[in-house]
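Along the sequence shown, residues carry numbers from 1.
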Amino acid sequence: MSFTQTPPTLGDVYDEDAALRSLLSRLLPAGVLAEVEPSLREMGRLSAELYPAQLADLPNEPRLVQWDAWGNRVDRIELTPLWQRAERLAAEHGVVATAYEREHGAFSRIHQFALAYLFTPSTDIYSCPLAMTDGAARALLDSGNAELIGRAVPHLTSRDPAAFWTSGQWMTETTGGSDVGDTETAARRGDDGRWRLHGRKWFTSAATSQMALTLARPEGNPGGGRGLALFYLETRDEAGRMNGIRIDRLKEKLGTRKLPTAELTLDGAVAIPVRGLEGGVRGIAPMLNVTRTWNAVSASALMRRGIALAGAYARERRAFGAALAELPLHVDTLAGVQAESEGALHLTFRVVELLGRAEVGELDDEGRALLRILTPLAKLTTGRQSVAVASEVLEAFGGAGYVEDTGLPMLLRDTQVLTIWEGTTNVLSLDVLRALHDAGGLDPVVREAARCAAGVRDPSLGPPVRAALRAVEHAAEWLRGATRAGQPALQAGARRFSLTLGRALEAALLAAHAQWALDRGDPRPTAAARRLAAQGVDLVVSTSEDDSRLLVDGRAAP
Ligand code: MFK
């Protein structure tokens, strides 16, 4: 008999997630936790049940059918079996709806994103259309457009699969996904008073949605972001015909292969302005902030899934006379990624907590400024962590991690997108600077770190608290210097600055939570806080623009 390895299996996805359960026990009042826990346990059970279905679905990919047998242009996308199931399950389990039903006030966001966190890793990035659906509901509600709110929001937040709609977020054009102000799509008003859109959308995720929010420039408007307007459109009419939209092709992507990302031509798509005829970027910003939060939740969730699989494997796989889980270096490696994932979880759910409080009007100006700053910080920090953790998870399986039909490579490919879409690490670092500028400086972040530190008493938590405070102070010092030096210096260091703030806040939040857990007899989060800080939180270094230019193109700075 030749030896075969035991594949990793998932246990109870909710009950075995010690970090999530500890966090929720602190964030939610006992009565609320008791009420929401059955739905989380059920989602954990469902997530474990879907995992084998996800593996069985590995060879399937969505397919674009442009023509029917009789020569009619139909542009139909056939989804993979798991995606079809995910749509129904997401509606029934309220993965978007929970946030808007608001049964538990501000805590409903925590409940909803905990559901999303459990649902995401087994559903092949179905979190993408859900993120955009949630974001569209938020943007429409914020717009105050009563007609569109009445028409779309009940669908976007429905638990009935027959009534549930998802939304697209069509921003990216061939001119680029970051500098959206260069959008070329034109909006023309016809003699019938209706607006029609003409242009090409180059990267539209989940093109199967029933509606979309998109940007276009009304004829005669100036260039740049301010000349764009935010439009609402429905993709098909009541007879199922496309609304002046052609699906040109699906993208061949590194990952998220089950997600039907498409290139579209808008050829007279009838659309409705959501909030006036300019300021479209401002109008879509609430959607971006919600989808960026989903991105951080997805990053945390995919890290957790990879680590759960690597842990299960390490308990079974024997090498050098012992289970991997007994080998000191393997244990040390897994502990390192576990600490990264717990830091990510705490920063992410701090954003979620603040978002929930903002939505019920509980936040003051400083709280709103903190939410605005932490949203891109969490997205960019957790996105980078998820790629590093997924890479380490694959390595923890040795060669098996590199083999497609284990399903493990998909983890690495899928996390890579989290640093790209919804704003790259660099674009979001610049967004952090914009948010700090709007907030009048770094005070909300400094006070957040100080608030975390103030609650920590146990000496074992001294190292992470000191590391976090020193890093925030170092970042503040850099910001003062770079502001004096001018825009090129500010921009060049923005990424290291933002990652430092993100990691420092992760350590501070984790340390504050660890004190709470220690008070209840649980030393685990303390180990995570200490390890995260030991792995380094301060990335601020001085660089020279001359050196950078010489390294990149061999020439000195102009
Ligand atoms: C797993 C879950 C993940 C979800 C999956 C979703 C997949 C969807 C696929 C995609 O659609 S990916 C494409 C996503 N694209 C982006 O995220 C765009 C990235 N680029 C940026 O974020 C740029 O910074 C930006 C487009 C916003 C720059 O455009 P502008 O026109 O140069 O913006 P400007 O002038 O700085 O800001 C315009 C206004 O918006 C300002 O307000 P005022 O008009 O009142 O001055 C800004 O303060 C405001 N603003 C910009 N970003 C904001 C914001 N307000 C609040 N929050 C923000 N994030």
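Of all heavy-atom pairs spanning V95 and L130, the tightest one is CG1-CD1, 4.0 Å. Nearest heavy-atom pair, R368 versus L363, reported as atom, atom and distance to 0.1 Å: NH1-O, 2.7 Å. Of all heavy-atom pairs between L302 and P121, the closest is CD2-CA, 3.9 Å. L82 approaches A53 most closely through the heavy-atom pair CD1-CB, 4.5 Å. T98 and H93 make their closest contact through OG1-O, 4.1 Å (heavy atoms, listed as atom of the first residue, atom of the second, distance). Among all heavy-atom pairs drawn from T382 and A344, the shortest one is CG2-CB, 3.6 Å.
At least one side-chain heavy atom of N60 sits under 4.5 Å from a side-chain heavy atom of P81. The shortest distance between side-chain heavy atoms of S167 and M287 falls below 4.5 Å. Looking at H111 and V32, their side chains never come closer than 4.5 Å, going by heavy atoms from C-beta outward. Side-chain contact check for R151 versus M211: every heavy-atom pair is 4.5 Å or farther apart. Two residues are said to be in side-chain contact when any heavy atoms from C-beta on lie closer than 4.5 Å; E101 and T157 fail this criterion. Looking at heavy atoms from C-beta onward, I284 lies out of side-chain contact with L228 at the 4.5 angstrom threshold. Looking only at side-chain heavy atoms (C-beta outward), Q210 and H155 stay at 4.5 Å or farther from each other. Side-chain contact between L20 and L24 is present, with at least one heavy-atom pair separated by less than 4.5 Å.
Between the side chains of R305 and S47, a donor-acceptor pair is found at a separation under 3.5 Å. For the 3.5 Å distance criterion, the side chains of T348 and S300 qualify, holding a donor opposite an acceptor. Looking only at atom types and distance, the side chain of E173 has a donor-acceptor partner in the side chain of T185 under 3.5 Å away. When only modelled atom types and interatomic distance are considered, N145 and Y232 share no side-chain donor-acceptor pair under 3.5 Å.
Looking only at distances, a side-chain donor or acceptor of T500 sits under 3.5 Å from a matching main-chain atom of R496. Within the 3.5 Å criterion, the main-chain N or O of L412 finds a donor-acceptor partner in the side chain of T415. Between the N72 side chain and the V74 main chain, no donor and acceptor come within less than 3.5 Å of each other. With hydrogens and angles disregarded, a donor-acceptor distance shorter than 3.5 Å links the side chain of T291 to the backbone of L288. At distances below 3.5 Å, at least one donor-acceptor pair connects side-chain atoms of D414 with backbone N or O atoms of T256. Formation of a donor-acceptor pair under 3.5 Å by the Q84 side chain with backbone atoms of L79 is found in this model. One N or O on the side chain of Y100 and one on the backbone of D134 form a donor-acceptor pair closer than 3.5 Å. Between the side chain of Q66 and the backbone N or O of I247, at least one donor-acceptor pair lies under 3.5 Å. A donor-acceptor pair is defined here as one N or O able to donate and one able to accept, closer than 3.5 Å; such a pair exists between the side chain of T123 and the backbone of T120. Not one N or O on the side chain of R76 forms a donor-acceptor pair closer than 3.5 Å with the backbone of R63.
Using a cut-off of 4.0 Å between Lys/Arg side-chain N and Asp/Glu carboxylate O, K379 and E422 are scored as not salt-bridged. The pair E263-K251 meets the salt-bridge criterion, since a charged nitrogen lies less than 4.0 angstrom from a carboxylate oxygen. Salt bridge R188/E219: present, at least one basic N to carboxylate O contact under 4.0 Å. Salt bridge annotation for R372-D431: present, with a cationic side-chain nitrogen under 4.0 angstrom from a carboxylate oxygen. With respect to the salt-bridge test (charged N to carboxylate O, under 4.0 angstrom), the residues R503 and E340 qualify. The pair D124-R85 fails the salt-bridge criterion, with no side-chain N (NZ, NE, NH1 or NH2) lying under 4.0 Å from an Asp/Glu carboxylate O. The pair R246-D75 fails the salt-bridge criterion, with no side-chain N (NZ, NE, NH1 or NH2) lying under 4.0 Å from an Asp/Glu carboxylate O.
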For E353 and I110, run side-chain contact (heavy atoms from CB on, under 4.5 Å): C-alpha distance rounded to whole Å, both residues' side-chain angles, the deciding distance at 0.1 Å, then the answer.
-> CA-CA 6 Å; E353 181 193 5; I110 297 171; 4.3 Å; yes

Report the C-alpha separation of L509 and E448 in whole Å, then their side-chain angles, then the decisive distance to 0.1 Å, and conclude whether the side-chain contact (heavy atoms from CB on, under 4.5 Å) test is met.
-> CA-CA 9 Å; L509 289 160; E448 174 77 350; 3.6 Å; yes

Trace of the salt bridge (Lys or Arg N to Asp or Glu O under 4.0 Å) decision for E49 with R45 = CA-CA 6 Å; E49 180 193 314; R45 191 200 56 70; 2.8 Å; yes

Take L215 and L230 through the test side-chain contact (heavy atoms from CB on, under 4.5 Å) and record every step on the way to the result.
-> CA-CA 5 Å; L215 298 173; L230 177 61; 4.1 Å; yes

Stepwise salt bridge (Lys or Arg N to Asp or Glu O under 4.0 Å) test for R413 and E404 = CA-CA 11 Å; R413 288 198 302 265; E404 283 297 343; 2.7 Å; yes

Could you give me the CA-CA distance, side-chain angles and deciding distance for V274 and L140, then say whether side-chain contact (heavy atoms from CB on, under 4.5 Å) is met?
-> CA-CA 7 Å; V274 175; L140 287 174; 4.0 Å; yes

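Using the six-membered ring where Trp is involved, W83 and Y126 have ring planes that are perpendicular, over 60° apart on the 30 and 60° scheme.
Annotation: the span from L380 atom CG to Q385 atom CD amounts to 10.0 Å, rounded to 0.5 Å. One finds the CZ atom of R200 at 10.5 Å from the OG1 atom of T175 (value rounded to the nearest 0.5 Å). Within the model, atoms CG of L266 and CZ of F231 stand 11.0 Å from one another, a figure rounded to the nearest 0.5 Å. R196 CZ to D267 CG: the interatomic distance, rounded to the nearest 0.5 Å, is 11.0 Å. Atom CG of residue L355 and atom CG of residue N289 lie 9.0 Å apart, to the nearest 0.5 angstrom. Atoms CG and NZ, from L259 and K253 in turn, are 4.0 Å apart once rounded to the nearest 0.5 Å.
No more than 12 heavy atoms of other residues, nucleotides or ligands sit less than 6.0 Å from atom CD of E103.
In this structure, R357 forms no cation-pi arrangement with F107, as its terminal cationic atom is not both closer than 6.0 Å to the ring centre and no more than 45° off the ring axis.
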